[in-house]
Number of protein chains: 2
Amino acid sequence: MKIASWNINSVRFRAAIVEQFLKEAAPDVLCLQETKVVDDDFPFELFRSLGYDHIIIHGQRMHHGVAIVARVPIAEDDRLDWQANAEARHVGIRLPNGVRLENVYIPAGGDVPDREVNPKFGQKLDFLGRMIEWSGKLDCPTILTGDFNIAPLESDVWSHKQLLDVVSHTPIEVETLARLQASNDWVDLGRHFIPAPQRLYTWWSYRAKDWAASDRGRRLDHMWATRDVADKAVAHQVFEPCRSWLKPSDHIPIMTEFDF
Amino acid sequence: MKIASWNINSVRFRAAIVEQFLKEAAPDVLCLQETKVVDDDFPFELFRSLGYDHIIIHGQRMHHGVAIVARVPIAEDDRLDWQANAEARHVGIRLPNGVRLENVYIPAGGDVPDREVNPKFGQKLDFLGRMIEWSGKLDCPTILTGDFNIAPLESDVWSHKQLLDVVSHTPIEVETLARLQASNDWVDLGRHFIPAPQRLYTWWSYRAKDWAASDRGRRLDHMWATRDVADKAVAHQVFEPCRSWLKPSDHIPIMTEFDF
DNA sequence: GCGAGTCCAG
DNA sequence: CTGGACTCGC
């Protein structure tokens, strides 16, 4: 079974590249973040016409929004609102074999890495805190994936030094993410298959004139698994060419293949 | 010589259909209204690449804006601001044979046809008043064309009765336009070639589900000429198919062929 | 409805 | 730089 994750930055605006990705990579399950669409307007037909008949969505009006589409039966498990602020940042399902799949869109955290002057940064750290509590109590085989908006390792960013004070790579975020990882002994599948210090990015800003030439990337998207599930992982890849497709998302998809 | 006029509703957004029209109709001169672009951002290359090397523009930041593009040499004559409000609603040139060509975009006039409650309606009537003064003093062969935003005749609208109180077909506008026409004995070339009561429209609202099926059109675009020039007119046509092209303007082009 | 502006978030 | 919401004018 192949499980993918992609911050799509508006699922309606990305019909063409989603279709191309599903045809080329053929994941069994795709977790989407930043769908930016209310449930009523979700492009169900797009996915059904490609064989992804099982669709679990958690959308909202303008920002955020997550979804899971699958060509295998999936059962909705929960849609958590850890901060009780009605932001659609999580949806969880159960795969046919009983493994849980948790799709999450962690807040970006604004510009200034200071919770005093920038409440969004505080919200991000608080969100991680709530996730840590939740994660510590999980007690079954689980995959946790999505846009975490944190690039923890030096080789997860184009310049460790220049990004130390940039939200997504600050020490406090990296520490907090480490606590989340430790809370359930999560295996970072990206780095399991492509170990540091190899370059591994999943996001490049729209603002760069030529994203590939400057290559100022960051690894913001992740797929983690509990040890029992990680033992079944046989391959992991990131789809860098998607960043060059017409009307691209600023994120690329990631995908892990499991032997189940 | 073939002279056309078209309210293009954003010249930048219409590159494809402008190109198609210029190739199919091959006017020598095209007057544009509602270019919606400042002079610096005008798409010069689009027109030059199609052989329209002579470009006279009078643009502004957001609304309005007029332009004349030609494949024959044209000399800028004037850019009038009758109401001294810096709205770009006129540009005049001189054709190679000395005939003047005046391209005008008369204000739409807002929703309510009452100068007390709707200042825009007053502005429209005032604009016409200034044009009447100007027109009366013209003393050489002239073509006056553009989006007049008035459909004067019963057969210029889909329903005379239903539009009597709708801005563009109210008696006060029709009278005022008649005074403009009388001010220099202008010949209405559209009706010269396609006499009333034949149906003749140049505009259909975007709001109709199926513009062609409901056919609630109005003749808002006109080409007038002084009698000496009108005597040289050999054909006039409106290009209704353009309203069905991809990403259409709500107006269609009109074109008169002259024997000079 | 449709374009262009503005603002916000990324 | 990008997408979506909003406001405005036609």
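Letters go in sequence order (proteins before strands), and every chain restarts at 1. In what follows, every heavy atom counts, from backbone to side chain, and hydrogens, waters and symmetry copies are set aside.
Scanning for side-chain hydrogen bond (donor to acceptor under 3.5 Å, both in side chains) contacts around A:Gln237 gives an empty result, with sequence neighbours left out. Residues passing the side chain to side chain contact (heavy atoms under 4.5 Å, CB included) test with B:Asp165, sequence neighbours excluded: B:Pro113. Taking A:Trp82 as the reference, A:His90, A:Phe127, A:Trp134 meet the ring-ring contact (aromatic ring centres under 6.0 Å, His included) condition, with sequence neighbours excluded. The salt bridge (charged side-chain N to carboxylate O under 4.0 Å, His left out) test applied to A:Asp126 returns A:Arg130, not counting sequence neighbours. Not counting sequence neighbours, B:Thr145 has no partner by the side-chain hydrogen bond (donor to acceptor under 3.5 Å, both in side chains) test. Remark: B:Ser249 engages no residue in a side-chain hydrogen bond (donor to acceptor under 3.5 Å, both in side chains) (not counting sequence neighbours).
Listed by first and then second residue, the salt bridge (charged side-chain N to carboxylate O under 4.0 Å, His left out) pairs that reach into residues 167-178 of chain A are A:Lys124-A:Glu173, sequence neighbours excluded. Pairs engaging residues 102-118 of chain A under the salt bridge (charged side-chain N to carboxylate O under 4.0 Å, His left out) rule: A:Arg100-A:Glu102 [sequence neighbours left out]. Applying the salt bridge (charged side-chain N to carboxylate O under 4.0 Å, His left out) definition to pairs two or more places apart or across chains, those involving residues 154-163 of chain A are A:Asp156-A:Arg191, A:Asp156-A:Arg219.
Between B:Arg199 and B:Trp204, the shortest heavy-atom contact is NH2-CZ2, 3.8 Å.
Atom-to-atom, CD of A:Gln33 to C1' of D:dG3 comes out at 17 Å; the value is rounded to the nearest Å.
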How does protein reach along nucleotides 5-10 of chain D, written 5' to 3' as B (base within reach of a heavy atom under 4.0 Å), S (only sugar-phosphate), or - (no contact)?
-> SS--SB
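Taking 4.0 Å as the cutoff to heavy atoms of chain B, we find the contact window on DNA chain C bounded by C:dG1 to C:dT6.
Between A:Ser10 and A:Ser205, the residue anchored nearer the 5' end of DNA chain D, judged by the nucleotide with its closest heavy atom, is A:Ser205.
For the segment residues 170-180 of chain B, no residue has any heavy atom less than 4.0 angstrom from an atom of DNA chain D.
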